[in-house]
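Notes to accompany the following structure.
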Amino acid sequence: MTIRVAMTVNGTEYARDVEPRLLLIHFLRDELGLTGSHWGCDTSNCGSCVIWLDGKPVKSCTLLAAMADGHAVRTVEGLERDGELDPVQQGFIECHGLQCGFCTPGMMMTARWLLDHHPDPDEAQIREAISGQICRCTGYENIVRSIRWAAEHPAEHPA
Amino acid sequence: MQVPAHVEYERAVSVEHALSLLGRPETRVLAGGHSLIPMMKLRLAQPELLVDINGLAELAFIALDGGQLRIGALARHADLLDSAVAGRCFPIFHDAERVVADPIVRLWGTIGGSLCQADPSEDLSAAFAAARATAVIRTPDGERTVPVRDFHLGPYETVIGRGELLAEIRIPVKPGTGSAYQKVSRRVGDWSVAAAAAVLRLGPDQQSITEAGIGLTAVGAEHFVAVEAEDYLRGRAADEESFGAAAKIAAKHCHPAADQRGPEDFKRHLVAELTARALRRAAERATAASGEDTA
């Protein structure tokens, strides 16, 4: 049995017939081909699958695609605007905020959300914001620095 | 790869619609889904129908109303943590919410979902039990109310029957009350090894305890409460001696199980220490709140 699921992803409308049990992360990766969001622990611990649903970050391995029907999704592919990297993306480049890169899409989506609500977060606020996400390479130091860099270099024309 | 078994999905458009859908056997309410979906992946839960209530905005509220704090079942953990009115009446909920999972999970997980999941390690059950909250349950015939202390039948089991839906939690707000929650976990965002909730009401002299609520998380306390310690405290002085004695009583009467989070004696030690700390903090806050009331 399948149901019709339609949603806006990064401003584009998509509709697919899927099984109700399909998880949102697999809808994005396998049905839409948006493989920027990573499928990690499958237990909502690691946060590599974090995307936005209606403007709020969520671990997309723990939502059904059906739950996003009629809603707006934003993924890491939607951070860049008109060929300009988001300051968060630039920050991860400037401060070497990734090594293997597996956790990076989720980290950046959470970072963008944090900065939208707290444009000038201190280190403790940044660490709290990403406390539900796991990085096994960096020891988090450079991720924190990358997000601070983004806070200090806001976009001139934010989305 | 963890995938739930085949399941049907319906989106409720009203509470009445949800109730009619929930009349079917093997049906589960889908709210935040942050416990249910992982359990479905592991096939620990295998419902035939999911009723998604995320669209029921009328259940997503937090309000002070006629001497009660009312929390809609669909209010998110982040809503409770951000609620100034809840924090003023019951700082215990802010204490507890700060240590529920992580900030992303708190944006989606719901208050009602936490209670209905009835996980023995879940933090809010002890906090609501300590505050003597009441659960308001919508039924096909109307609604019924159940004290939170009678809400849980055991691990993962509640009094919610087929065709019923938890609608809100109501907590009586009384002057001169202070509250606190103290938790020990192995790492940030983890479940409790043990935790203690305290709600104290002091008399006008701010010395004697007129009402005491003590909740315990993850240590096998029946209905998440330490009744013997509460009985001991009522009428006694709000001082270190009373708190220390009540904490020992709480530690004696709970039933912690040895597991990967620690042996039984360690958990009893935590219960005593955390109960004393929560009582101390609750008394400080009760005194501070009384000062504000009279100022």
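Naming convention: chains lettered A, B, ... in sequence-line order (proteins, then strands); numbering from 1 in each chain.
Heavy-atom pairs under 4.5 Å with chain B were tallied for A:L22, A:L23, A:V50; the largest tally goes to A:L23. Options B:V7, B:V3, B:N54 differ in how many heavy-atom pairs under 4.5 Å they form with chain A, and the most are formed by B:V7.
Proximity to chain A (any heavy atom under 4.5 Å) is shown, for B:L42, by neither the backbone nor the side chain. With a threshold of 4.5 angstrom between heavy atoms, B:A5 approaches chain A through N, CA, C or O but not through any side-chain atom. Proximity to chain B is limited to the side chain of A:M1, based on heavy atoms less than 4.5 angstrom apart. The part of A:Q133 that comes within reach of chain B is its side chain, from C-beta onward, which places non-hydrogen atoms under 4.5 angstrom from that chain. With a 4.5 angstrom heavy-atom cutoff, A:A66 touches chain B via backbone and side-chain atoms both. Contacts of A:L53 with chain B are made by both backbone and side-chain atoms, with heavy-atom separations under 4.5 Å. Contacts between B:L36 and chain A at a heavy-atom distance below 4.5 Å are absent for every atom of the residue. With a 4.5 angstrom heavy-atom cutoff, B:M1 touches chain A via backbone and side-chain atoms both. Only the side chain of B:V188 comes within contact range of chain A, with heavy atoms under 4.5 Å apart. Neither the backbone nor the side chain of A:I130 comes within less than 4.5 Å of any heavy atom of chain B. For A:N45, no part lies near chain B; criterion is any non-hydrogen pair under 4.5 Å.
Note on ring orientation: taking the six-membered ring where Trp is involved, the planes of A:W39 and A:H26 are perpendicular (angle over 60°, cut-offs 30° and 60°).
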Assess the residue pair A:R127 and A:D122 against the criterion (salt bridge (charged side-chain N to carboxylate O under 4.0 Å, His left out)); give the C-alpha distance rounded to whole Å, side-chain angles, the decisive distance to 0.1 Å, and a yes or no.
CA-CA 9 Å; A:R127 288 184 181 274; A:D122 61 24; over 6 Å; no
Report the C-alpha separation of B:F128 and B:F93 in whole Å, then their side-chain angles, then the decisive distance to 0.1 Å, and conclude whether the ring pair (Phe, Tyr, Trp, His ring centres under 6.0 Å) test is met.
CA-CA 9 Å; B:F128 283 129; B:F93 296 139; 5.0 Å; yes
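With salt bridges taken as basic N to acidic carboxylate O contacts below 4.0 Å, one links A:R112 and A:D116. Under 4.0 Å is where a charged nitrogen must lie from a carboxylate oxygen, and between B:R28 and B:E48 no such pair does.
Checking each of B:L124, B:D82, B:D123 against B:E97 for a side chain to side chain contact (heavy atoms under 4.5 Å, CB included) leaves exactly one that passes, namely B:L124.
Counting non-hydrogen atoms of other residues, nucleotides and ligands closer than 6.0 Å to CD of A:E84 gives a total of 12 or fewer.
Taking each heavy atom of A:A68 and A:V73 in turn, the nearest pair found is CB-CG2, 4.4 Å.
Both tests do not hold together for A:K56 against A:W113: distance to the six-membered ring centre under 6.0 Å, angle to the ring axis within 45°.
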